[in-house]
Amino acid sequence: MGGGVYNLPVAGAGEATLIDTNIRDNQAGDRGGGLWNNGTLVAETSTFKGNTARVEGGAIRNNGVMRLSQCQVVGNRSEGRAGGISALRTVEMTKTTVSGNTAPVKPDVEGTLVMGGSR
């Protein structure tokens, strides 16, 4: 779970903010190669690249509250589903690019994204 970052609420916590962060070249045995979020996470001007998951969410697995602003989710891989983002709960994105990810099913995104100025 969460090869690079695993944001999990413990005793009511589980809030993370990533600013100008590179989550790169991580691996997860199942989901969330770069990041697995079960809490609240905000990422700004951050890059998710070269991450891998066996099952789904090569870059990101979201089951919490997530906002991405001016981020890049590119060049990640899943051996199953969603090489980029696996969203069990909605991911809000602004000026964020999700492209060039690979997976046999839904290579870039699986789930719901709410976009404002994103590609």
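These figures come from a predicted structure and were not determined experimentally.
Closest approach of S78 to G58, counting heavy atoms only: CB-N, 4.0 Å. Between Q70 and T96, the shortest heavy-atom contact is N-OG1, 3.4 Å. In terms of heavy atoms, G50 sits closest to N76 at N-OD1, 3.2 Å. Taking both residues in full, the closest heavy atoms of N51 and I23 are given as ND2-O, 2.9 Å, listed atom of the first, atom of the second, then distance. Annotation for N101 and G83: closest pair CB-C, 3.7 Å, computed over non-hydrogen atoms. Across every non-hydrogen atom of N7 and E15, the tightest pair is OD1-N, 3.9 Å.
With a 4.5 Å cut-off on side-chain heavy atoms, W36 and D30 count as touching. Using a 4.5 Å heavy-atom cutoff, the side chains of T94 and E92 are not in contact.
The CD1 atom of I85 sits 11.5 Å away from the CG atom of N37 when rounded to the nearest 0.5 Å. From T52, atom OG1 reaches atom CG of D25 across 8.0 Å, with rounding to the nearest 0.5 Å. Atom CE of M93 is separated from atom SG of C71 by 9.0 Å, given to the nearest 0.5 angstrom. Distance check, rounded to the nearest 0.5 Å: CD1 of I60 to CG of L35 gives 6.0 Å. Note: L18 CG to T47 OG1 = 11.0 Å, rounded to the nearest 0.5 Å. Expressed to the nearest 0.5 Å, how far NZ of K95 lies from CD of Q72 amounts to 13.0 Å.
Screening residues 59-74 for salt bridge (charged side-chain N to carboxylate O under 4.0 Å, His left out), with sequence neighbours left out, gives E56-R61.
With sequence neighbours left out, the side-chain contact (heavy atoms from CB on, under 4.5 Å) criterion links T90 to T112, V114. Residues that satisfy the side-chain contact (heavy atoms from CB on, under 4.5 Å) test with A82, not counting sequence neighbours, are S86, E110.
Side-chain heavy atoms closer than 4.5 Å link hydrophobic residues (I, L, V, M, F, W, Y) into clusters, and following such links, possibly through other members, connects V5 to V73. Hydrophobic clustering of Ile, Leu, Val, Met, Phe, Trp and Tyr side chains at less than 4.5 Å, counting indirect connections, unites V91 with M115. Hydrophobic clustering (side-chain heavy atoms under 4.5 Å, transitive across Ile, Leu, Val, Met, Phe, Trp, Tyr) groups L41 together with V109. When the side chains of ILVMFWY residues are joined at heavy-atom separations under 4.5 Å, either directly or via intervening members, V74 and F48 end up in two distinct hydrophobic clusters.
Using modelled atom types, one side-chain atom of N62 and one backbone atom of R89 make a donor-acceptor pair closer than 3.5 Å. A distance-only check finds no donor-acceptor pair linking the side chain of N22 to the backbone of R24 [under 3.5 Å].
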